[in-house]
Amino acid sequence: MHEVKEGWFEGFGGRYAPETLIKALDELWTNFNRLIQEENFLQEYNEYLKDYAGRPTPLYYARNLSNKIGGARIFLKREDLLHGGAHKINNALGQALLAKHMKKTRIIAETGAGQHGVATAMVAAVLGLKAEIYMGMDDMERQKPNVLRMKLLNAKVHPVDSGSRTLKDAINEAIRDWMANFETTHYLIGSVVGPHPYPTIVKYFQSIIGRETKDQCYKKIGKLPDYIIACVGGGSNAIGIFNDFLETDVKLVGVQAAGKGIETGFHAAPLISGSIGVLHGMKTYVLQDDFGQIKDTYSIAAGLDYPAVGPEHAFLKDKKRVEYVSVKDDEAIEAFELLSKTEGIIPALEPSHALAYAIKLAERLDKEKIIIVNLSGRGDKDIHSYMKFKGETYES
Ligand SMILES: *Cc1c(COP(=O)(O)O)cnc(C)c1O
């Protein structure tokens, strides 16, 4: 159905990268295709997923929440229970193992909120690789606990002082580093974004979420769900749970961050109000001005605060296979509070967007209908953002 031509999702994706990187991207693609055929590589990956990361994650029936709503039944795919508190470990482990089998000794990554930096630092530590993380200086200031975590995990954090001193500047620095050092270094991209083969590789490692979910649906519910709903930043947790259902008639919904409202301009929803452009090596929907300059984005959920989106989502939107919607900060906060109160589960603010949409949808459906929400992460990291939103101060 997709990737008809290698590296392309019908006109989206591609490889808009400097010439010096093409060799590194080819090397990565060749080794990836070789290693995923090798039994011992897959066995090692699966062992780490199981004993280190904590897979399989449960599919949990949120009975209290569903009863309170009084409509469709809501199930949660508990990626929040993984080591590190989010789905990011699935991909970080996979790529770090690739790097190791490719005889690389060093891993670099960029991070915005710090979550991907922490996941990268964890897997580098356990696999005996050196990790160096690029992070904008403004982000370092805002995300101090994650900077401390990365350092404790033995990663070197490089402050990036250029541009807006946030994620996109950190990405530029990481690319510069990779161009100079790809003989020894793997660039560990954190979502289904970037030039080919990254969107395909990251999907491969995240699609375990959907495979498990499908299996659990048959065992627990005896049928496939009616809806699967996931939040979309770069789009990796969403592709991860959608992938095994693309050929079924399950309705798939991707939820982007509407921030303070799409009309205010303070949002991070390129699939809702972006246009086709090129950023970070891929053709996709991008938030840009009339001159192609990238716009500033905003969301209360740091993991959704990105001006582009994985190219496969652009394709799935145009194909109308996935419906993309957006949810505002205040709606996500309401869902964050409701799940905490009814189920004793504090969700990350990112999947709170998916949950908010699921709750609204469930109200309109009858009890026979099943909705699965990909609970991509836990919300411990978000307590400060929550308190700030509520206008209360919180001393840790
Ligand atoms: C990083 C993150 C996201 C957004 O990334 P995707 O690639 O869109 O999945 C979503 N949820 C959590 C908990 C995250 O940490």
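Only a predicted model underlies this, so the values are computations on that prediction, with no experimental measurement involved. Order of listing sets the numbers, starting from 1, for every ligand and every atom in it.
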Query raised in the report: Can you check whether F12 and Y285 have ring centres sitting under 6.0 Å from each other?
Result: yes
Query raised in the report: With the 4.5 Å side-chain cut-off for hydrophobic clustering, are V325 and F336 part of the same group?
Result: no
**Report entry** Derivation and outcome, side chain to side chain donor-acceptor pair (under 3.5 Å), residues T297 and D305
**Finding:** CA-CA 6 Å; T297 51; D305 202 349; 2.5 Å; yes
Report task. State whether Y227 and K369 meet the cation-pi test: NZ (Lys) or CZ (Arg) under 6.0 Å from the six-membered ring centroid, and within 45° of the perpendicular axis. Result -> no
Requested in this report: Examine K283 relative to Y16 and say whether NZ or CZ is less than 6.0 Å from the centre of the six-membered ring and inside a 45° cone about the ring axis.
Outcome: no
Query raised in the report: Parallel under 30°, tilted from 30 to 60°, perpendicular over 60°: which one fits the rings of Y48 and Y52?
Result: perpendicular
Protein N/O near ligand 1 N/O, under 3.5 Å, which pairs?
unit_1	atom_1	unit_2	atom_2	d
ligand 1	7 (O)	S191	OG	2.5
ligand 1	7 (O)	G235	N	3.2
ligand 1	7 (O)	S236	N	2.8
ligand 1	7 (O)	S236	OG	2.7
ligand 1	8 (O)	G233	N	2.8
ligand 1	8 (O)	G234	N	3.2
ligand 1	8 (O)	G235	N	2.7
ligand 1	9 (O)	H87	NE2	3.0
ligand 1	9 (O)	S236	N	3.4
ligand 1	9 (O)	S236	OG	3.2
ligand 1	9 (O)	N237	N	2.9
ligand 1	9 (O)	N237	ND2	2.8
ligand 1	11 (N)	S376	OG	2.8
ligand 1	15 (O)	K88	NZ	2.5

